[in-house]
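One structure is given here, and the rest of the page talks about it.
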Amino acid sequence: MTGGSDRKIGAASLSILFFNLTLAKYLLVLPYFMVGATGSAAWIAILLKGLASVPLFLAAAALYRPYVGLGLGELTRRALGRPVGGALDVLVAGVMAVRGGMLFRILTEAMQTLETENATMEYVALFVLIPVLICALRGFGANVNASILILPFTVLSVAMISLALIPHYSLSNLMPLLGLGAGPIIIHSFFRLSGTFEVLYLLTLSPKAKDYKTFKRAGLIGIGAVTAVSFVFALVYCLAVPYPASRNFFFPLYQLTRMIKAGSFLQRMEPTVIFVWTGVIICGLSTSVIAGSCLLRAASGAEDGRGFMPMLVLILFLVGTLPASELDTYDVYRVLLNWSHYFYIIFLFAVLIAARLRKTEGRPAA
Amino acid sequence: MRKLAICLAAALMLGGCSHMTEVNDKAYVIAVGLDEGDNGLLKVTYLFAYPSGGGEEAGGEKIDEKDMVTVEAPSLYSAMRLVDTFKSKRIDTNHTKLVAFSQDLAEKRGIFSYMADLVNTRGFRPSIYVCVSQQAPDRLFRSMEPKQDVYIEKFIEHLFSKVADSGTSRAYLYNNYFSAIADEGGYILPLVGVTDSDRAKTAAEGYPYRRPDDFALNYTAEDVPLIGDGSAALCGYAVFVGNKMTGTMGLMEQSIVEILEKNMFVGQFCVLVPGTNKYANVDLRQNKRPEVTVKTGEALEISVSIELQGEYTGIDGAFRSREDYEGFVDYLNRAFSQKTRELLERTRTEFGADVLGLGDKAKINFLTYGDWADYNWKERFRNAVFNVSVSVNMSDFGELRFSPGKH
């Protein structure tokens with residue numbers, strides 16, 4: 001297996017890994033994109049997006065049932081043959097690295113701006129990438145432990161923001177209820193920004209699940225938890241910042257934290273919140289690196305995927321430094337989210353259906 | 001290997017100390033003033049914190065000329081850079097409490113672009129107070145000499161506390177920015193003036209101001225009888241339509257705005273009792289948010305229903321019978337309704353814009369922004385019909401109902 005021991009993990013641990021992996025995207029960038037696309041109805045769109053991920057996941061999981069012990073990379077290679085399957089595995093690992101690179105750049109810019117203004121981006125990058133690599137090399141166990149450590153802080157920070165901003169809430173900020181219209185909500189919930197990519201991740205990490213039931217439970221808990229937290233956050237953002245002002249802040253988490261002022265004591269919370277979210281993204285990126293190495297290991301037929309990890313981390317860094325500015329990074333990320341979805345969904349179901357039609361043999365999960 | 005890793009980690013952590021900045025290395029800006037400069041420039045005044053030594057003499061910070069710097073520059077940023085070059089310490093705006101725009105600047109050039117600059121600058125917090133100053137900001141800042149407060153920043157906080165009790169207050173930078181780019185087309189900002197110490201002499205010679213007709217608060221913003229020692233005071237709201245300041249609201253209107261936004265906890269009103277030349281002092285509380293309903297039909301109809309709780313604190317021999325007493329409560333209801341309607345009518349006719357943000361209540365009637373935009377709120381508001389009802393419930397518990405003594 002890829003790094004660490006071959007010890008299987010339970011539904012709670014797998015769902016926490018999934019939670020950290022997806023939360024960074026859902027919290028750091030999605031509210032900004034959703035408000036831009038749907039206006040004051042961003043909270044509805046994010047809720048629908050989460051709900052739409054459930055049938056998608058259940059359909060994929062039903063088709064995937066015999067192959068939980070294989071992992072998506074291995075299944076692709078077996079179902080489509082080594083040349084095509086291997087190439088697709090490399091392609092998906094590449095897309096994961098590009099997306100991870102954009103997220104890495106967004107975080108690095110935020111850290112540099114808020115905490116180390118005089119340092120270069122590369123210097124800050126070092127503090128993100130080294131823990132990501134160490135965490136990935138130490139394997140699932142270390143990653144799960146780090147994620148469990150971060151989880152209460154994540155939930156607490158969202159709860160703190162939600163409560164501290166109560167004086168800023170105005171129900172009229174949610175009106176008109178459908179924001180820019182039902183069309184944009186449906187397009188962005190079900191097509192453009194949907195959760196297919198997260199399902200791909202889950203399938204890639206599935207060999208770590210004890211059995212199919214664990215895998216399914218982990219997926220549902222993970223999707224539910226991420227949807228709940230991101231829905232609360234989007235609702236808080238829409239309640240506290242009226243549209244059209246809300247579309248001007250492209251880092252809503254930061255702006256909301258800045259708005260906290262409960263007396264003289266509870267304010268200036270940005271550095272604390274950045275610290276928590278750095279932890280979330282480091283855990284998320286290292287899980288992403290593990291998933292990428294799983295795919296590359298399957299494509300290459302190597303015994304151990306850990307050798308691919310430094311290379312993937314380097315790709316994260318190089319891809320992250322490509323956009324000229326943070327705004328460009330957001331634009332690239334938005335294009336990726338909007339359009340790569342079609343590729344993921346075709347890839348995912350093509351592999352699963354091909355595997356079923358060819359009666360590809362699976363491997364027991366436990 | 002492990003020891004080497006620990007040493008490396010420690011070195012990285014300690015590396016942070018190489019760029020450390022002591023509190024004393026920075027010049028903290030307490031307030032920023034923006035005024036119209038010559039040749040299209042912007043006159044920017046910085047009021048810096050003057051660290052007092054503590055002990056017995058720390059009871060009040062004296063604002064010295066040296067603590068205030070005024071420069072003229074093309075923009076807020078260039079002004080800051082300019083001051084940074086000749087100030088020995090690095091300028092830090094993270095603790096700025098107040099940004100004051102001069103009335104001249106607000107009327108002639110408008111303030112939105114400056115407000116957007118402030119929002120985009122991380123150094124300025126979302127919760128700093130924003131106001132319009134009747135006088136030039138340097139004069140306003142010079143007048144900020146706290147007598148009852150230990151620090152200037154406390155003085156500023158107390159100055160704005162009446163209009164900044166809630167998170168959505170109109171005194172905060174972000175809320176004003178939100179209002180400025182909203183669809184209603186107008187907004188209001190606290191108006192601050194400097195009390196005129198010269199008037200104190202006039203007052204000693206004889207009260208120079210007109211006798212208030214019904215409410216003792218019926219002063220326009222320009223006419224507020226500020227007699228004092230020359231310190232800053234709130235005197236209503238500055239009204240912005242589009243980008244520029246187009247008018248003011250006086251003290252009574254400020255009170256009505258507080259009531260409409262449920263920002264009034266206790267309001268002391270001195271009301272002329274009809275048919276007499278005596279005043280009744282009334283404390284009013286607001287326990288309930290006003291009900292604002294907007295009917296967005298072909299004709300726009302806005303209904304406001306306000307409930308207030310009150311008690312008499314002084315009746316100055318005004319009531320001689322139960323009828324007088326009950327009649328006065330009716331009068332209060334009518335008078336508050338009239339004042340509120342007058343204010344709303346004024347926004348419609350004189351300012352021609354929904355400066356109080358009533359449009360927020362109307363958006364609930366629309367499903368999408370497209371529908372809301374098609375309704376053309378700005379245009380419809382100019383023909384709106386207002387229905388106002390105010391109900392004042394006076395509490396009698398333990399109070400004298402009728403005036404004692406001779407009448």
Side-chain angles (χ1 to χ4, degrees), chain A residues 38-41 44 110 113-119 123 126-127 130-131 134 164-185 239-251 254-264 266-270, chain B residues 5 8-9 12-13 15-16 18-21 94-95 97 116 119-120 122-128 151 153-154 157 164-169 172-184 261 289 292 294 357-375:
Chain A
T38 64
S40 55
I44 300 177
T113 312
L114 297 176
E115 296 187 335
T116 53
E117 264 183 348
N118 298 326
Y123 179 75
L126 204 69
F127 285 89
I130 290 178
I134 293 172
L165 285 174
I166 285 175
H168 294 266
Y169 292 168
S170 171
L171 272 177
S172 57
N173 289 345
L174 300 182
M175 305 298 161
L177 194 64
L178 294 183
L180 296 177
I185 294 177
L239 277 169
V241 183
Y243 186 83
S246 54
R247 72 175 172 200
N248 291 357
F249 295 139
F250 71 90
F251 199 169
Y254 168 63
Q255 291 298 344
L256 285 184
T257 319
R258 264 166 69 81
M259 283 169 69
I260 293 174
K261 185 180 185 282
S264 304
L266 195 64
Q267 54 178 328
R268 301 173 199 276
M269 304 300 287
E270 305 92 279
Chain B
L8 274 174
L12 284 172
M13 300 298 167
S18 65
H19 285 93
M20 67 178 180
T21 313
N94 273 298
H95 294 270
K97 278 277 167 197
V119 169
N120 285 327
R122 279 195 323 280
F124 291 101
R125 309 282 309 168
S127 55
I128 58 175
Y151 303 111
E153 62 166 15
K154 263 289 171 217
E157 241 173 53
D165 276 331
S166 72
T168 51
S169 161
Y172 293 129
L173 170 66
Y174 264 34
N175 296 336
N176 281 300
Y177 174 72
F178 297 159
S179 304
I181 60 173
D183 307 312
E184 280 76 10
E261 296 182 345
R289 186 169 284 281
V292 179
V294 183
L358 298 169
D360 273 353
K361 306 284 178 194
K363 284 178 189 164
I364 196 168
N365 299 339
F366 300 90
L367 264 183
T368 67
Y369 268 99
D371 299 341
W372 167 245
D374 290 344
Y375 188 69

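The chains referred to below are lettered A, B, ... by the order of the sequence lines, with proteins before strands, and numbering in each begins at 1. Just the heavy atoms: all of them, side chains too, but no hydrogens, waters or symmetry mates, feed the values below.
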- Message: Show the nearest heavy-atom pair for residues B:Arg125 and A:Glu270, with the distance to one decimal.
- Response: NH1-OE2, 2.7 Å
- Note on the structure: What one should report as the nearest heavy-atom pair of B:Phe366 and A:Pro176 is O-CB, 3.2 Å
- Query: In terms of heavy-atom proximity below 4.5 Å to chain A, should B:Asn120 be classed as side chain, backbone, both, or neither?
  - Reply: neither
- Taking every heavy-atom pair that is under 4.5 Å apart, which of B:Ile364, B:Leu367, B:Asn94 has the most such pairs with chain A? B:Leu367
- Query: Distance from B:Thr368 atom OG1 to A:Met175 atom CE, nearest 0.5 Å?
  - Reply: 13.0 Å
- Message: Between A:Gln255 and B:Tyr174, is the side-chain contact (heavy atoms from CB on, under 4.5 Å) condition met? List the steps.
- Response: CA-CA 10 Å; A:Gln255 291 298 344; B:Tyr174 264 34; 2.5 Å; yes
- Task: Go through A:Ala182, A:Gly181, A:Ser172 and name the one with the most non-hydrogen pairs under 4.5 angstrom from chain B.
- Result: A:Ser172
- Task: Go through the atoms of A:Ser246 and report whether side chain, backbone, both or neither lie under 4.5 Å from a heavy atom of chain B.
- Result: neither
- Nearest non-hydrogen partners of A:Lys261 and B:Ser127, listed with the distance: CD-OG, 3.1 Å
- If one checks every heavy atom of A:Ala41 against chain B at 4.5 Å, the contacting part turns out to be neither
- With B:Phe124 via ring pair (Phe, Tyr, Trp, His ring centres under 6.0 Å) - residues at least two apart: none
- Task: Run the numbers on A:Asn248 and B:Tyr177 for side-chain contact (heavy atoms from CB on, under 4.5 Å), then give the verdict.
- Result: CA-CA 11 Å; A:Asn248 291 357; B:Tyr177 174 72; 3.0 Å; yes
- Is it the side chain or the backbone of A:Tyr254 that comes within 4.5 Å of chain B heavy atoms, both, or neither? side chain
- Message: Taking salt bridge (charged side-chain N to carboxylate O under 4.0 Å, His left out) as the definition, give me every residue that meets it alongside A:Arg247, ordered by chain and number, with sequence neighbours left out.
- Response: none
- Note on the structure: One should read off an interatomic distance between A:Leu174 CG and B:Asp360 CG, to the nearest 0.5 angstrom, of 11.0 Å
- Say you draw a straight line from OG1 of A:Thr38 to OH of B:Tyr369; how long is it, rounded to the nearest 0.5 Å? 10.5 Å
- Query: How far does CG of A:Leu171 sit from NZ of B:Lys361, to the nearest 0.5 angstrom?
  - Reply: 8.5 Å
